[in-house]
Amino acid sequence: MDNIGWLEIHVVDHCNNNCRWCHNYSPFSARREFSPEEYYDGLDVLKRYNVRYDNISLMGGEPFLHENLHGFAYKILERYRKPLMLTTNGFWLSEQAVKAHADLWRIVSWLKISRYPTVEKRLGGIAEIRRVASLIKQFNPGIIIEIPDKSIFNKLEFTASPRDVETYCGNSQCTALLPDMTMGRCGAGAYLHLAPDGAVPGGFRESRHMMYDLRNYEAHTFLLWRKRYPLDACSFCSFSGRQLQTRWKVERGRPVFNTDYEREYDFAIGKRLVAMGEAEDARKMACNMREKYGERVEVEMLECLLAARNGQRESTVKHITRALELAPDNEEAMRYLRSIRTALTGA
């Protein structure tokens, strides 16, 4: 049986970036984060029956929105001993984030940073992206880093009526494993549950060839599923005809970036840097967050953590109090303020 080139699993469904024609429908996805354990049943079947694949591709959505990406990647690597590929839009690229993710770089074999025009502009251009990305090598000299240009996008479009399949679609090799133990031959079919109502015609949705249920694994049926082309779904998809390419665009009616997701990510990185004892980098992160987002509860909380780390009690109380003024229902701030008051008063 031919190897599956790479086996895709979603770390998260949601994404901070807004790509029209997203092959995984991420702009429409609600926030959804997965645990590695959710994939164990499916991956165990592949292991039990010696189904060969070259590596495991951690995807999304945007993987760096996962609360514990390193923990996810480590558990998958430890259990299955397959090289890990990580695909990201690179929104997080900064010297501070590279340092905060040091443990992640040590276990990833291949990093793909998709170069979208809006992200590239915000990060300061391709030269700056390459410079910061090169810093990852100090933690893993052997990691392969690619920065493919995504300024031109394949338009994912569907037809209501079937048409002849004119060309081979490379996306049919993008085998995706879902937590429910089903596998899809391409992202457009595997993640249909994320597509908005009415966006995908019935002919594509009702495909008999797209998905395979590993709970009913048999070698001969699995081989047929892997080898078959075209699929019945292909005749409804633009990728199997003349692939239409256009300049990257934003999905209509949606902001370019989900800054809520990004702010939560930045705060998590700042907290990690504080825990690592990297106070100067954490301070830079706080300054960057204040510049990007203005006066926000996360900025005050990060400043509070830094002040507490340095034993500056008055500054700690000042920032936690301001955080509560900005978000009086913030449970994390409330817990922290109570612990500070206890430390100060002994009661």
Closest approach of Asp54 to Gly5 (non-hydrogen atoms, all atoms of both residues): CB-O, 3.0 Å
Does atom OH of Tyr74 have more than 12 heavy-atom neighbours from other groups under 6.0 Å away? no
I need the full list of salt bridge (Lys or Arg N to Asp or Glu O under 4.0 Å) pairs touching residues 175-200, with sequence neighbours left out, sorted by first then second residue. none
Tyr293: ring pair (Phe, Tyr, Trp, His ring centres under 6.0 Å) partners, not counting sequence neighbours: none
Does NZ in Lys75 sit with more than 12 non-hydrogen atoms of other residues, nucleotides or ligands closer than 6.0 Å? no
Check the side chains of Gln173 and Tyr229 for a donor-acceptor pair under 3.5 angstrom, ignoring hydrogens and angles. no
Set of residues satisfying ring pair (Phe, Tyr, Trp, His ring centres under 6.0 Å) with respect to Phe91, sequence neighbours excluded: Tyr265
Contacts of Asp13 meeting salt bridge (Lys or Arg N to Asp or Glu O under 4.0 Å) (sequence neighbours excluded), chain-then-number -> none
All heavy atoms of Cys174 vs all of Glu8, minimum pair found to be CB-OE2, 3.3 Å
Non-hydrogen side-chain atoms of Lys112 and Trp110 separated by less than 4.5 Å: yes
For Phe28, the ring pair (Phe, Tyr, Trp, His ring centres under 6.0 Å) test, sequence neighbours excluded, returns none
Show every ring pair (Phe, Tyr, Trp, His ring centres under 6.0 Å) that has at least one partner inside residues 169-213, sequence neighbours left out. His10-Tyr191, Phe158-Phe204, Tyr212-Phe222, Tyr212-Trp225
Could you check whether atom CH2 of Trp105 has more than 12 heavy atoms from other residues, nucleotides or ligands sitting under 6.0 Å from it? yes
